[in-house]
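The structure appears right after this line, and notes come after that.
Keep in mind that what you see is a predicted model, and the values were worked out from it rather than measured. So you know, we letter chains A, B, ... as the sequences are listed, proteins then strands, and number each from 1.
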Amino acid sequence: MTHAIAELLYPHVTRTPADWLEIYPPRALPQGAYVTRYAPSPTGFVHIGSIYASLVARRAAHQTGGVFFLRIEDTDKKREQDGSIEAIVHNLINFGLTPDEGIVQIDPEIELGAYKPYTQSERIDIYESFAKDLVARGLAYPAFDSEAELDELRKQQEVEKVQPGYYGKWARWRDASYEDVKARIDAGERPVIRVRAPYPNPARVVLHDAIRGEIDMPANEIDAVLIKSDNRLPTYHFAHVVDDTVMRVNLVTRGDEWLPSVPLHLQLFAYINQPAPTFAHIAPIAKMDGTSRRKLSKRKDPEANMAYYYEIGYPEQAVTEYLLNLANSNFQDWRRDNPTTPNSEFAFSIEKMGIASPLFDLIKLNDISKDVIARFTAEQVYDLAVAWADEHDQRLAAVLRLESAYTLAVFNVERTGTAPRKDIINWSDVERAVGFFFDPLFEAAIAKDSYPFPALDGELTAQVIEKMKAFDPVMPKENWLAGMRDFAEAHGFARDAKTFKKAPESYRGHFGDMMMIVRAALTGRTNTPDLYEIMKTMGTARVQRRADLALTAAKQRAGNA
RNA sequence: GCUCUAUUCGUCUAGAGGCCUAGGACGUAGCCCUCUCAAGGCUAAAACACGGGUUCGAAUCCCGUAUGGAGCACCA
């Protein structure tokens, strides 16, 4: 009778699961190679958790000589949003996570790989073959309950204080006759297909999760929906089991919110007589909300959205290394021991991933990002900063592009030694870090806040600026510094801070206090990189121009006082 | 309500019964270096949720309690 029902439901389906398994044979891969996938639904907005999961999946696959692919889970047409697929692919490519199969470039029409199609709405034939087979073997059945009837069921279960759901005696279509089903079909109704789960089911399932170890759960006894009635598409559960079987996935990485449905999934793998993959359930990235932690939310947390990192201008490597650090905390030790090796060579381990949700930590990201940018060459910084500015800050872009050789020299200040300067956090931080080098930005800052000269008399300030103006870039740094020290001493400053500390009353200040005049005149700021380097980079003409500007301001100030 | 799951410095974590007086990193504070920052070096404060067991010995194993998280949809 079940065969008859299967035929009634799917008269057009001629292929069997065995046919599909032949069409999509096991992959020829080395022993132990993982086949993994990232399977988003195209609902807009790329979440950082998605990039995190993809990173994990791709590393696991590639480190074992396996395959990482992208599958689009578009079985809920109501929630779909235009442009989502492009956004997903764009992010994967940007973060060095380009899939090996599926949609691997921005044009969603182009698909790579032998297990196509990689979009679920185009795989209905496959799902229906498996569904028909299950119905024929009595392991699944059609159900014609209306939404209202299901509501009623839930209410009744609430009243009786029993487990909610479609199971056992509550599953009224479980053992419907061929005639009952045929009557509904003839009336034009479309059923859902549900699994026939054993009920009661006292069995336990034990699985070994790659991240969480042994997990022991009660076996499934709910007759979950496999195929939806309105559009013939599968639910997540059925799509997962069929696709990951047919596409030969052997390591499923996904968020740990799926853990409770693993018993259902294992039941389905058993029903179709196929081995279940290894599971790796990833804890979501969280943040504090009041006193409790919660998953990073699309609506409340801007840092959940990948767009946030583009806007602020974090280099791709910074985000990647931050995520790697969350996934494997030994990454930081590896990075310390291998300061210049690309992070792709880090031996990632899925087993080392943490079980509890880590809290997102912007301060740590900033720290990692500073290190990442410090490792870049001046050329890389230039290219990336300008590319960012082109998109997010046109005014800055214009300034940086004005004299590209000069900009390049600016980014090279204190970058060449053994300990490169770490003061740029991200691209939107560039203006704060080195803006003073550029005349338009410098002049705007001066106009706004004036010079932060130390409280010394105007005549002396002017003399120091004159001395600065005489800067000769040919002179080595040591000589210039020595000359400045001599000058300081001649004008009543201690040669260095130590001398000053011994007898502060005998000096008007120490060398550093005098140099602050130079710093203020040259940059309009009280904290900057090395002054000699700055002057050398700026060149004589710019130094002199700035000296003149500062002199005018200093004299004005002296006049006012 | 039921099921699963988790809990080590503020944060990310190391930890597989004696290497634990609990280690590292970020952050914080102090000192050193120093033309100011940044960086770097050194130092400090800072944690095994609680209660019972098991054991010669527990952060680690077991049982409870508390608290957090997730799930119980024709959403993924």
Quiz question: going by heavy-atom distance under 3.5 Å, is there a donor-acceptor pair between the base of B:C74 and the side chain of A:Ser229? yes
Which part of the nucleic acid, if any, lies within contact of A:Ala419, taking any heavy atom under 4.0 Å across all strands shown: a base, the sugar-phosphate backbone alone, or nothing?
nothing
Each nucleotide of nucleotides 64-70 of chain B classed B (base within 4.0 Å of a protein heavy atom), S (only sugar-phosphate) or -, in 5' to 3' order, makes ----SSS
Here the side-chain hydrogen bond (donor to acceptor under 3.5 Å, both in side chains) pairs for residues 409-423 of chain A, sequence neighbours left out, are A:Asp371-A:Lys422, A:Glu414-A:Arg421, A:Arg421-A:Asp423
So salt bridge (charged side-chain N to carboxylate O under 4.0 Å, His left out) across residues 325-334 of chain A, not counting sequence neighbours, yields A:Asp333-A:Arg336
- Determine: side-chain N/O of A:Lys228 to OP1/OP2 of B:A76, distance under 4.0 Å, yes or no. yes
Distances under 3.5 Å only, N/O to N/O: pair up the protein atoms with those of nucleotides 26-33 of chain B.
unit_1, atom_1, unit_2, atom_2, d
B:C33, OP1, A:Lys498, NZ, 2.8

Applied to residues 259-268 of chain A, the side-chain hydrogen bond (donor to acceptor under 3.5 Å, both in side chains) test, sequence neighbours excluded, yields A:Asn220-A:Gln267, A:His237-A:His265, A:Arg254-A:His265
Numerically ordered, the residues 204-225 of chain A set in heavy-atom contact under 4.0 Å with RNA chain B is A:Arg204, A:Arg212, A:Ile215, A:Asp216, A:Met217, A:Pro218, A:Val225
Per side-chain hydrogen bond (donor to acceptor under 3.5 Å, both in side chains), A:Ser121 is matched among A:Asp74, A:Thr75, A:Asp76 by A:Asp74
Ring pair (Phe, Tyr, Trp, His ring centres under 6.0 Å) filter on A:Tyr118, not counting sequence neighbours, yields A:Phe69
What integer number of Å spans the C1' atoms of B:G23 and B:A59?
13 Å
message = Measuring only the C1' atom in each nucleotide, how far is B:G15 from B:A25? A whole number of Å is fine.
response = 16 Å
task = With heavy atoms under 4.0 Å as the rule, sort A:Thr75 into base, sugar-phosphate or nothing.
result = sugar-phosphate
Residues passing the side-chain contact (heavy atoms from CB on, under 4.5 Å) test with A:Pro476, sequence neighbours excluded, are A:Glu478, A:Asn479
- Checking all strands, does A:Gln163 fall into the base, sugar-phosphate, or nothing category for heavy-atom contacts under 4.0 angstrom? nothing
Between A:Ile373 and A:Ile424, the two heavy atoms sitting closest are CD1-O, 3.6 Å
The side-chain contact (heavy atoms from CB on, under 4.5 Å) partners of A:Glu189 (sequence neighbours excluded) come to A:Phe144, A:Arg184
Taken in chain and number order and not counting sequence neighbours, the residues that satisfy side-chain contact (heavy atoms from CB on, under 4.5 Å) with A:Gln156 are A:Glu160, A:Trp170
Applying side-chain contact (heavy atoms from CB on, under 4.5 Å) to A:Ala494 and not counting sequence neighbours gives A:Thr499, A:Phe500, A:Tyr507, A:His510
Distance-only donor-acceptor hits, side chain of residues 36-46 of chain A, under 3.5 Å, sequence neighbours excluded:
unit_1, atom_1, unit_2, atom_2, d
A:Thr36, OG1, A:Ala57, O, 2.9
A:Arg37, NE, A:Asp244, OD1, 3.1
A:Arg37, NE, A:Asp244, OD2, 3.2
A:Arg37, NH2, A:Asp244, OD2, 2.8
A:Tyr38, OH, A:Ser50, OG, 3.0

